[in-house]
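What's counted below: heavy atoms across the whole structure, side chains too, no hydrogens, waters or symmetry copies.
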Amino acid sequence: MSTGAGRSARQPGAEGEAETVELPPVPAAEAPPAPLPRLDFALTPEAASRLARAPVVQAHRSGRTRGASADILWFDTAEGALAAQGLTLQSGRRGARTLLRTLPPPEAPWHPCQPPAEIATLPEGEAPEEAGGAPLVAIAAFTGRRLSFRLALPEGEVAAELLNGRLRAVAAESPTARLSLSGPLPALLAAAQGLSAQVPLLPPLTPLAEEARALATGTPARPHRLGAPDTSGATTVEDAFLRAYGHLLEVVRQQSARIGPDAGPEGVHQTRVALRRLRSVFRVFRAATDGPALRGIDARFREVLAVLGPARDWDVFVAGVGRDVAAAFPEEKRIAALLRAAEARRREAYAAVMAMLEGQPWRLLLLDALGTLLTRAWRAEATVEGLAALDEPVREFGRGILDRRWSRLRRAGEEFETLSAEELHELRLDGKRLRYAAEVFAPIFGAKAGRRFLRRVAALQEGLGVANDAAVARGLARSLTVPGNGARAWAVGVLEGWCEARVAVHRGDAFAAWDRLSGKDRFWSDA
């Protein structure tokens, strides 16, 4: 079959000879337009009920708002074969079913608000191959209302779809609400920022389908991302940066949602770790991505860390040295009074953290960070050298970063046994900078390549961290001193002496960890 601009046909001529006649061209089949970007958000049912009355919606709504009942079913095998693969089968409109990937593999790029990937559309009654031939059963359902409207913004038009209702399983149900926005990226981000400024709108912790699975099985919902980033699939510098940035921004959202005055110390601790990893990524890739946009995001995250810091310090004080001293002096009222005062300070610090996380600036910071990632704002601000570096092979870039940080650490610890407390603190910080950089690049050199190195750097940090924690604890204890209160002064003195003894005991651990960290551990040098 001809694929040219026109067609030809043979027709008989005046003496029976074939004559070529040009026919009009057949228009080429047009490729379907690429789907517009989409972002998903979570909000409370109460906030969802007043979303349509938000000023930004009232000011920019285009056309009619349409409401309808909404019913969604999710299917799996009785043994959960699809869920085990991070999949679910979701009922669609008009009987069709869509196979969704609700839990992306660790090596896949990811960013907050990213919707589940649609893998295939199946006719009603047909099971996907991933079910392994087992029959499917409905495991959970959503029932509620679907509200659809459009926003006409200067940056473009955005389509919004709001689901507000209840998730239902055999033995449980739960209220839930989700908002999906789709449109050109600049308009999409502008709409999200406008709405988030007026309504508590945040990236969802899980897709609605995963929330439904967790409800049905009575198990915790599985997060999209946790821990250090997996950059194993990256080839260029920018690719690795995008993967690390998106991953860690998601982890910040996941861990910060777990913070609460009575939720234990892990939420604050892991949020701080995720933020430090993210800020380290900004510095690691600064030669290629430097610019006002990322520096501004970095400065705002530094302010968040300043709020989280006191909560973490008091957590460590109360659950660490405070608990140890209380166990050693179980009947001592002066120690008990000191620890009650410390617990009151911890509560005050957590109140400040919760006020921050529930406020508008936190929501807008997450969205601004996401917008910087999605628009790749660093490209508009980059120098010629920076743009060229973005496309460089990431392995060579990583080697240079790790070599420099390794050399700095080794120089700082040359006379380890004679280092002062301040110098040991700086050595600890150098070790932390090297560790965070190694976490980013280790997957690129192989899954097992940096495992031993990271363990040994972590051991050094832990050994040196004892001295740091003790110094912080002494400062916190002194802050609890009450002028003229001899009982309090005695208790503070006991705690300070305890800290000094603990540092003396563990200094040898730090030296042993330093001694084990040799040049042979450099996984990047021979790869």
Taking atom CD as the centre, does Glu118 end up with more than 12 heavy-atom neighbours from other residues, nucleotides or ligands that are less than 6.0 angstrom away?
no

Identified side chain to side chain contact (heavy atoms under 4.5 Å, CB included) counterpart of Trp378 within the set Leu294, Asp290, Leu387
Leu294

Are Arg433 and Asp430 within salt-bridge range, i.e. N to O under 4.0 Å?
yes

Do Arg295 and Glu381 meet the salt-bridge criterion of a basic N to acidic O distance under 4.0 Å?
no

Going by atom types alone, do Gln114 and Asp40 pair a side-chain donor with an acceptor below 3.5 Å?
no

Over 12 non-hydrogen atoms of neighbours within 6.0 angstrom of CD in Gln58
yes

Sub-4.5 Å side-chain heavy-atom contact between Ser196 and Leu364
yes

Would you check, one step at a time, whether the test side-chain contact (heavy atoms from CB on, under 4.5 Å) holds for Leu43 with Asn164?
CA-CA 9 Å; Leu43 63 169; Asn164 191 11; over 6 Å; no

Is there a donor-acceptor contact under 3.5 Å linking the side chains of Asn468 and His425?
yes

Taking everything shown except Glu462 itself, do over 12 heavy atoms lie less than 6.0 Å from its CD?
no

Atom NE2 of His60 and atom CG of Leu195: how far apart are they, to the nearest 0.5 Å?
9.5 Å

Taking atom CH2 of Trp314 and atom CZ of Arg347, what is their separation to the nearest 0.5 Å?
14.5 Å

Are Thr271 and Arg258 packed together at the side-chain level, in the sense that at least one heavy-atom pair is separated by less than 4.5 angstrom?
no

Quick one: sort the Phe285 and Phe441 rings into parallel, tilted or perpendicular, breaks at 30° and 60°.
tilted

Derivation and outcome, side-chain contact (heavy atoms from CB on, under 4.5 Å), residues Phe416 and Leu424
CA-CA 8 Å; Phe416 189 95; Leu424 287 174; 4.1 Å; yes

Does a salt bridge link Arg300 with Glu303, judged by any charged N lying under 4.0 Å from a carboxylate O?
no

Check this for me, if you would: do Asp391 and Arg379 make a salt bridge, where the nitrogen-to-carboxylate-oxygen distance has to be below 4.0 angstrom?
yes

Residues Thr65 and Arg150: side-chain donor-acceptor under 3.5 angstrom
no

side-chain contact (heavy atoms from CB on, under 4.5 Å) between Leu390 and Phe241, intermediate numbers included
CA-CA 9 Å; Leu390 290 171; Phe241 178 70; over 6 Å; no

How many angstroms lie between atom CG of Leu248 and atom CZ of Arg243, to the nearest 0.5 angstrom?
13.5 Å

Ion pair check, Arg225 and Asp230, cut-off under 4.0 Å
no

Got a salt bridge between Arg253 and Glu250, using NZ or NE/NH1/NH2 to carboxylate O under 4.0 Å?
no

Do Trp110 and His247 have ring centroids that are under 6.0 Å from one another?
no

Apply the test side-chain contact (heavy atoms from CB on, under 4.5 Å) to residues Leu409 and Leu517: give CA-CA distance (whole Å), side-chain angles for both, the deciding distance (0.1 Å), then the verdict.
CA-CA 11 Å; Leu409 179 69; Leu517 189 63; 3.9 Å; yes

Carboxylate-amine/guanidinium proximity below 4.0 Å for Glu238 and Arg376
yes

Cationic N near anionic O, under 4.0 Å, Glu439 to Arg435
yes

Would the Trp524 and Phe453 ring centres measure less than 6.0 Å apart?
yes

Short side-chain to backbone donor-acceptor contact, Ser280 and Arg276, under 3.5 Å
no

